[in-house]
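Chain A is the first sequence line, chain B the second, and so forth, proteins listed ahead of strands; every chain is numbered from 1.
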Amino acid sequence: MPELAEVAYYTTRWAAGVGQEVLRMHTGPKARPFRQTAAGAFRALVGTIYSGARTHGKNMLFEFAPQLWLTGHLGMTGELLAGPPEHEPTAHDHLVLYTRESALIFRDFRMFGVLRLEEWAGGPPPDWLALPPQIQDAGFTTARVAEALQRHARSPLKALLLDQHWFPGIGNWMADEVCYQLRLNPAVPAGTVEAAALRRVLRAVCRKSMETIGRDWSDPPRSWLMPHRWKAGGVCPAKSCGTALMRETLRGRTACWCPLCQPVA
DNA sequence: CATCATGTTATAAT
DNA sequence: CATTATAACATGAT
């Protein structure tokens, strides 16, 4: 499920444990969520203080003082929850951190998500700091967008938008949304796209998503493609359009677009 | 039973 | 080497 704003929202659910000591923890029996850091290593979190979270695209960083950092992402079906201190882990709760007042839960039935633990003093670990500029950041310049478009000139626009190195946090529905708002077919070659316009739409979509979904899971505007793209019989929300939306597999993912507003060129 | 799912990554092909 | 395309991963819903 999670893209930029969904990931941001999920991390806020762990705010229930901020400032509290980890009294005990639970790791589930499945190895896959722990393919990068062995499950046993997470015992080191017991006795630390959970001091807060931040996100970068779909990546999450949680600080446990002193100098332990829990990182990872939610894959396709991951989510974070806060439960009562007596929470009984379900089959899909791969990590549960218990504080005096709450249980911080990492749940992911499909297990494409991953959890890592890093020890680093004096701030976030180097691999976190080395992540590329986020779309919301000042460093996300038109020149950078232009470089991405040029280097992947023959790639379909939507496929490039899913590249986390260039467009951190963009996932399937956001990529479709950006194409829709640009009135460009998802399959147009990236090399034909105007960088400044793409940057403007990307930033607008990210900002509004964070203000709605990211803040309280409220709905993005009805004028967006997003609320219509999966509905059976979904139609283009543009005024005086109403055309049936198209769906087709592009580079292994389902793309959705309006054939009238986003013609194939 | 077959198909599909809001993601990432290794590997193959150009 | 750089870029583009595909398959695999694991599980549940339809």
Side-chain angles (χ1 to χ4, degrees), chain A residues 1-11 28-37 39 55-60 71-80 90-94 106-116 127-128 131-132 135 146-181 186-193 202 205-206 208-210 212-214 217-220 224-234 245-257:
Chain A
M1 195 163 193
E3 301 180 23
L4 180 79
E6 289 96 337
V7 173
Y9 173 73
Y10 281 142
T11 64
K30 302 282 194 171
R32 183 154 173 93
F34 303 104
R35 59 195 179 278
Q36 298 187 7
T37 299
T55 63
H56 181 292
K58 300 171 193 170
N59 298 293
M60 308 174 294
T71 66
H73 66 80
L74 296 169
M76 197 82 98
T77 55
E79 67 177 313
L80 301 180
T90 72
H92 304 306
D93 292 350
H94 303 110
F106 174 91
R107 179 175 294 174
D108 181 8
F109 74 83
R110 235 170 127 186
M111 297 187 291
F112 289 173
V114 68
L115 291 171
R116 293 176 292 263
D127 54 347
W128 180 270
L131 290 168
I135 293 166
E147 186 189 348
L149 292 170
Q150 187 179 339
R151 288 172 69 140
H152 299 275
R154 295 180 319 191
S155 181
L157 172 61
K158 180 177 177 185
L160 174 57
L161 289 171
L162 292 172
D163 186 332
Q164 300 301 291
H165 172 74
W166 295 108
F167 306 107
I170 299 298
N172 206 31
W173 77 254
M174 290 188 87
D176 279 346
E177 189 65 46
V178 168
C179 292
Y180 177 75
Q181 294 192 21
V188 300
T192 66
V193 176
L202 276 164
V205 167
C206 285
K208 193 67 181 176
S209 297
M210 291 294 267
T212 54
I213 299 166
W217 206 259
S218 55
D219 295 332
W224 281 21
L225 177 67
M226 193 267 216
H228 311 272
R229 66 187 297 275
W230 288 123
K231 270 193 284 190
L245 295 170
M246 293 275 303
R247 277 183 208 118
E248 216 166 88
T249 298
L250 179 65
R251 288 278 275 280
R253 314 296 304 277
T254 301
C256 177
W257 71 95

Exercise for the section: Name the closest nucleotide to the A:M111 side chain, picking from C:dT4, C:dC9, C:dT11. Expected result: C:dT11
Problem - A:H92 side-chain N/O to C:dG12 phosphate OP1/OP2 under 4.0 Å - result: yes
Problem - Partners passing side-chain hydrogen bond (donor to acceptor under 3.5 Å, both in side chains) against A:K158 (at least two apart in sequence or in another chain) - result: A:N172, A:D176
Handout entry: Any residue of residues 168-181 of chain A with a heavy atom less than 4.0 Å from an atom of DNA chain B
Key = A:G171, A:N172, A:W173
Exercise for the section: Find the distance A:H165:NE2 to B:dT8:P and express it as a whole number of Å. Expected result: 14 Å
Practice task
Indicate yes or no for a side-chain donor-acceptor contact from A:H73 to the backbone of A:G78 under 3.5 Å, with no hydrogens or angles considered.
Solution key: no
Exercise for the section: Look at the aromatic rings of A:W128 and A:H56 and report parallel, tilted or perpendicular, splitting at 30° and 60°. Expected result: perpendicular
Fill in the blank from the handout: Scanning both residues in full, the closest heavy-atom pair of A:R247 with A:R229 reads NH2-O, 2.8 Å
Problem - Beyond-backbone contact of A:I170 with A:L202, side-chain heavy atoms, under 4.5 angstrom - result: yes
Practice task
Report which part of the nucleic acid A:P33 touches: base, sugar-phosphate, or nothing (heavy-atom distance under 4.0 Å, all strands).
Solution key: nothing
Handout entry: Between C:dA2 (C1') and A:H152 (NE2): distance, integer Å
Key = 9 Å
Practice task
Calculate the interatomic distance between A:F167 atom CZ and B:dT6 atom C1'; express it in whole Å.
Solution key: 18 Å
Practice task
Starting from Watson-Crick (N1-N3 plus N6-O4 or O6-N4) and G-U wobble pairs under 3.5 Å, report the runs of at least three that DNA chain C belongs to.
Solution key: B:2-5 with C:11-14, B:7-14 with C:2-9
Problem - Rounded distance (Å) that lies between atom C1' of C:dT4 and atom CZ of A:R151 - result: 14 Å
Practice task
Please work out which residues in residues 245-256 of chain A have a non-hydrogen atom less than 4.0 Å from an atom of DNA chain B and list them by number.
Solution key: A:R253, A:T254
Practice task
Pick the C1' atom in B:dT6 and in C:dT4, then give their distance to the nearest Å.
Solution key: 23 Å
Exercise for the section: Could you tell me whether the side chain of A:R251 and the main chain of A:A159 form a donor-acceptor pair under 3.5 Å? Expected result: no
Problem - Atom-to-atom span, NE2 of A:H56 to C1' of B:dT8 - whole angstrom - result: 16 Å
Problem - d(CD, A:E79; P, B:dG7) in whole Å - result: 15 Å
Practice task
Please state whether the rings of A:W217 and A:Y10 are parallel, tilted or perpendicular, taking 30° and 60° as the class boundaries.
Solution key: tilted
Practice task
Please confirm whether the backbone N or O of A:G169 pairs with a side-chain atom of A:Q164, one donor and one acceptor, at under 3.5 Å?
Solution key: yes
Practice task
Would you indicate whether the side-chain heavy atoms of A:L149 and A:L160 approach each other to under 4.5 Å?
Solution key: yes
Problem - A:K30 to A:P33 - nearest heavy-atom pair and separation - result: O-CD, 3.6 Å
Practice task
Take the protein atom CG of A:D108 and the nucleotide atom P of C:dG12, then report the distance between them rounded to whole Å.
Solution key: 11 Å
Exercise for the section: Return no unless some side-chain N or O of A:K30 is found under 4.0 Å from OP1 or OP2 of C:dT11. Expected result: yes
Problem - Pairing residues for A:S218 by the side chain to side chain contact (heavy atoms under 4.5 Å, CB included) criterion, not counting sequence neighbours - result: A:T212, A:D216
Completion exercise
Of the listed C:dA5, C:dG12, B:dT8, the closest approach to the A:F109 side chain comes from C:dG12
Exercise for the section: Measure from the side chain of A:S155, starting at C-beta and using heavy atoms only, and say which of B:dT8, C:dT11, C:dT4 lies closest. Expected result: C:dT4
Exercise for the section: Would you tell me if any nitrogen or oxygen in the side chain of A:Q164 comes within less than 4.0 Å of OP1 or OP2 on B:dG7? Expected result: no
Practice task
Mark up nucleotides 9-14 of chain B, 5' to 3', with B wherever a protein heavy atom is under 4.0 angstrom from a base atom, S wherever such an atom reaches only the sugar-phosphate, and - elsewhere.
Solution key: ------
Handout entry: Test item: A:E3 side-chain N/O and A:W173 main-chain N/O as donor-acceptor pair under 3.5 Å
Key = yes
Handout entry: Side chains of A:W224 and A:D219 in contact at under 4.5 Å (non-hydrogen atoms)
Key = no
Exercise for the section: Measure the shortest side-chain to side-chain distance between A:I135 and A:V205 over non-hydrogen atoms and say whether it is less than 4.5 angstrom. Expected result: no
Exercise for the section: Mind checking A:A159 for me? I need base, sugar-phosphate or nothing, with any heavy atom below 4.0 Å counting as a touch. Expected result: nothing
Exercise for the section: Starting at atom CZ of A:F112, determine the distance to atom C1' of B:dT6, rounded to an integer number of angstrom. Expected result: 13 Å
Exercise for the section: Report yes if some heavy atom in the side chain of A:L4 is under 4.5 Å from a heavy atom in the side chain of A:C206; otherwise report no. Expected result: yes
